[in-house]
There are 2 protein chains.
Amino acid sequence: MSERKKVYQLVLMEIQRLIKEDGYVPGDKLPSERQLSIQFDAARSSVREALRAIELLGIIETRQGEGTFLRNYQTYHAVEVLASFVLQDSRTKNELQEAQKVLEQHVLSEESIPDHTLKQLEALVDDLSLTKEEKHHYFFSGLFEANGNQLLFKMWRLMQDFQANMELKVSPDYYEDIIEKYKKPQE
Amino acid sequence: MSERKKVYQLVLMEIQRLIKEDGYVPGDKLPSERQLSIQFDAARSSVREALRAIELLGIIETRQGEGTFLRNYQTYHAVEVLASFVLQDSRTKNELQEAQKVLEQHVLSEESIPDHTLKQLEALVDDLSLTKEEKHHYFFSGLFEANGNQLLFKMWRLMQDFQANMELKVSPDYYEDIIEKYKKPQE
DNA sequence: ATAGTTGATTGGTCAGACCACTTAGTGGAG
DNA sequence: CTCCACTAAGTGGTCTGACCAATCAACTAT
């Protein structure tokens, strides 16, 4: 009945608990593999399986000779891997786009945004050196930052990374229109 | 200069290539770990590190005594793992509630929902044996199911679970109002 | 004081052993 | 001949221990 978890999965949970309860923050060094294997009473190979898995997720980073470090989820290695498997699945693709759009729609629904953010966005749109994708990324990054909700931002960025491997098209006037919307009330 | 990839990462790419080029489809059985280690000229432990990583992503499934199988990626397994780290990292109650609300708002914005779903929701609201929290849960579960986006549903559920221990208050008439909104156009 | 050496620590990889589970074959009882 | 029980092989699960490679810190000789 009860699911017999594999050791590496148990270690995985232990590591999560460890990070949470001991208050590790990005950049911190985790205990060594050997230390963890003693601490969790598991073989080092099992600990490594768990570490490799969350390394692929981008949660930790390991440097030979130094150690294992908690990482700021900037780049999600997993995204590339996942994308390569899922690219065919149109349903997943649509769900992903819808989810991302939901978040974007939310930050766009803010009544107002700070002046300096507005200026940044304008500069962005006029910047000819940027590709469409880069504009989209920086544009909404700015909006999310203005919004202030880190969680939403992270969720969006995750999906953004994901879609980087898929084609994504927006209308050329898309950003200008948004900016206009925010400018009007202030003039 | 060139990045010295770890063995498990190389194996990972080999496995991707293998799956792609040999046309594996969900449900198919992959070569055994021992076979792969010979094929890729790597230790079995290295092969396992790669397999464990993509298992956590939900790409494959392993069954002891049987083998390793390619899996249907509809379950968004990776979302759970990532969420468990992301949520606990930036778990400001307010951010969480806002994010959750964004998703709920989205399913509420559907123009219409199926009749049978509507009936279910009505029955729910009238059910006196349910607590507020249970009502909220089942109510939106129904709406998300009607919406059909499994990714959104999963994200919502994760946040829902995470907030299980936090107080959450809604007005008593909250659900009735929503149902009314959807009923009107049909009468 | 500084530069170089060296040893301890840490991750990276490998080999091999043994266990747990599943499956297919094999042989005997009916 | 049929059917069931047992066996053997194959597979993932886990552990141990060894050695390599890179880093870091302490120590030493200049």
Side-chain angles (χ1 to χ4, degrees), chain A residues 1-16 18-19 22 24 26-72 75 77-78 81, chain B residues 1-16 18-19 22 24 26-72 77 81:
Chain A
M1 293 307 94
S2 72
E3 310 175 13
R4 290 190 337 289
K5 294 256 186 183
K6 302 175 195 173
V7 173
Y8 96 89
Q9 290 174 320
L10 295 174
V11 171
L12 195 54
M13 294 193 297
E14 289 289 339
I15 292 176
Q16 283 184 243
L18 183 90
I19 292 176
D22 289 17
Y24 283 92
D28 284 355
K29 183 174 171 222
L30 298 180
S32 72
E33 296 180 351
R34 289 169 177 86
Q35 173 59 35
L36 289 176
S37 74
I38 296 172
Q39 194 166 327
F40 299 149
D41 192 35
R44 194 182 152 210
S45 56
S46 294
V47 172
R48 279 185 64 83
E49 288 185 6
L51 289 177
R52 263 358 91 211
I54 60 178
E55 180 183 54
L56 190 67
L57 288 180
I59 290 168
I60 60 170
E61 175 184 9
T62 61
R63 294 196 286 272
Q64 186 176 173
E66 297 185 58
T68 305
F69 301 85
L70 197 57
R71 162 174 188 156
N72 226 334
T75 49
H77 301 268
V81 181
Chain B
M1 292 307 95
S2 72
E3 312 172 14
R4 290 189 341 290
K5 296 259 185 176
K6 302 174 194 171
V7 173
Y8 95 89
Q9 291 174 319
L10 295 175
V11 172
L12 194 54
M13 294 192 297
E14 289 289 341
I15 293 177
Q16 287 186 66
L18 183 88
I19 291 176
D22 289 16
Y24 283 92
D28 283 356
K29 180 166 178 248
L30 298 180
S32 72
E33 296 181 351
R34 288 168 177 87
Q35 173 59 34
L36 289 175
S37 74
I38 296 173
Q39 194 166 328
F40 300 148
D41 192 35
R44 195 182 150 208
S45 57
S46 295
V47 172
R48 279 185 64 83
E49 289 183 7
L51 288 177
R52 263 358 91 209
I54 60 176
E55 181 183 54
L56 191 67
L57 292 182
I59 293 171
I60 59 171
E61 175 185 9
T62 60
R63 294 197 286 271
Q64 185 174 174
E66 297 184 59
T68 304
F69 302 85
L70 197 57
R71 169 174 176 164
N72 205 330
H77 199 289
V81 187

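Chain letters run A, B, ... following the sequence lines, proteins first and then strands; every chain starts at 1. Values in this document were obtained by computation on a predicted structure and should not be read as measured data.
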So, does [X] get its side chain near the phosphate of [N], meaning an N or O under 4.0 Å from OP1 or OP2?
X	N	answer
B:Ser46	C:dC14	yes
B:Arg48	D:dG13	yes
B:Ser45	C:dA15	no
A:Thr62	C:dT10	no
B:Arg52	D:dG12	no

Between [N] atom [atom2] and [X] atom [atom1], what is the distance in whole Å?
X	N	atom1	atom2	value
A:Arg44	D:dG13	CZ	C1'	18 Å
A:Gln64	C:dG11	CD	P	10 Å
A:Lys6	C:dA20	NZ	C1'	13 Å
B:Glu33	C:dA15	CD	P	15 Å
A:Glu61	D:dT23	CD	P	13 Å
A:Glu66	C:dT10	CD	P	12 Å
B:Gln35	D:dT11	CD	P	8 Å
A:Ile38	C:dT9	CD1	P	12 Å

Distance in Å, [X] [atom1] paired with [Y] [atom2], rounded so as to fall on 0.5 Å steps:
X	Y	atom1	atom2	value
A:Gln64	A:Glu66	CD	CD	10.0 Å
B:Glu14	B:Asp41	CD	CG	10.5 Å
A:Leu70	A:Lys29	CG	NZ	13.5 Å
B:Ile54	B:Gln16	CD1	CD	8.0 Å
B:Lys6	B:Leu12	NZ	CG	12.0 Å

**OP:** Tell me what A:Arg63 touches on the nucleic acid: a base, only sugar-phosphate, or nothing, going by heavy atoms under 4.0 Å.
**Re:**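 Sugar-phosphate only.
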Original post:
Which is true for B:Ser32 with a 4.0 Å heavy-atom rule: it touches a base, it touches only sugar-phosphate, or it touches nothing?
Top reply: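 Sugar-phosphate contact only.
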Original post:
For B:Lys29 and A:Ala43, take the nucleotide of DNA chain D holding the closest heavy atom to each; which residue's nucleotide lies nearer the 5' end?
Top reply: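 Per heavy-atom nearest nucleotide, the more 5' residue is B:Lys29.
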